> 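Quick one: structure below, then a few questions.
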Amino acid sequence: MDEEQKVMEWITSELEPKTYTLQNYPVYRSGKRIFDRSGDYLIVYFHPLLKKVVYTFKGIEDQFFIAHNYC
């Protein structure tokens with residue numbers, strides 16, 4: 001499974017379909033920005049040094065969380 005597939009698999013397993021809008025976010029490797037209905041967003045991407053899927057939230061982009069089981 002490639003990096004993009006891992007990112008997309010995490011997104012589809014963790015988020016309810018039709019509750020968000022998905023955009024490519026090329027700032028990060030395999031990055032996706034996911035907007036909810038209120039305009040807040042989540043960024044999911046593949047971290048090249050950790051070799052894991054990670055995510056962060058609007059306003060705290062300088063911190064990230066490891067998406068366990070998607071490494």
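Worth saying up front: this structure is predicted, and the values here are computed from it rather than measured.
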> Run L50 and F64 through side chain to side chain contact (heavy atoms under 4.5 Å, CB included) and show every step you take.
CA-CA 12 Å; L50 297 175; F64 61 83; 3.4 Å; yes
> Can you sort out the partners of D2 under side chain to side chain donor-acceptor pair (under 3.5 Å), two or more places apart, ordered by chain and number?
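Testing D2 for side chain to side chain donor-acceptor pair (under 3.5 Å), a comparison that skips the adjacent residues, returns none.
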> What heavy-atom pair brings Y45 and R29 nearest, and what distance separates the two atoms?
CB-O, 3.3 Å
> Measure across E61 and T56 and return the closest heavy-atom pair with its distance rounded to 0.1 Å.
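Taking E61 first and T56 second, the nearest heavy atoms are CA-OG1, 3.5 Å.
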> Restricting to non-hydrogen atoms, name the atom on V53 and the atom on V44 that form the minimum distance, rounded to 0.1 Å.
CG1-CG1, 3.7 Å
> Which heavy-atom pair separates E4 from S30 by the least distance, and what is that distance?
N-OG, 3.6 Å
> Regarding R33 and the six-membered ring of Y41, is the cationic atom NZ or CZ under 6.0 Å from the ring centre and inside 45° of its axis?
yes
> Describe, in one word, how the ring planes of Y55 and F57 are oriented to each other, choosing from parallel (under 30°), tilted (30 to 60°) and perpendicular (over 60°).
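Rings of Y55 and F57: perpendicular, as their planes differ by over 60°.
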> Roughly how far apart are I60 CD1 and F65 CZ, rounded to 0.5 Å?
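Going from CD1 on I60 over to CZ on F65, the span is 4.0 Å.
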> Check step by step if side chain to side chain contact (heavy atoms under 4.5 Å, CB included) holds for K32 and I43.
CA-CA 6 Å; K32 304 293 180 193; I43 298 170; over 6 Å; no
> In the structure I gave you, are the side-chain heavy atoms of V54 and Y28 within less than 4.5 Å of one another anywhere?
no
> Tell me, do L22 and M8 make a side-chain contact under 4.5 Å, heavy atoms counted?
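They are in side-chain contact.
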> For K18 and R37, work out which heavy atoms get closest and say how close.
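That closest heavy-atom pairing would be O-NH2, 3.1 Å.
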> Closest approach of E9 and T12, non-hydrogen atoms and distance?
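That would be O-OG1, 3.2 Å.
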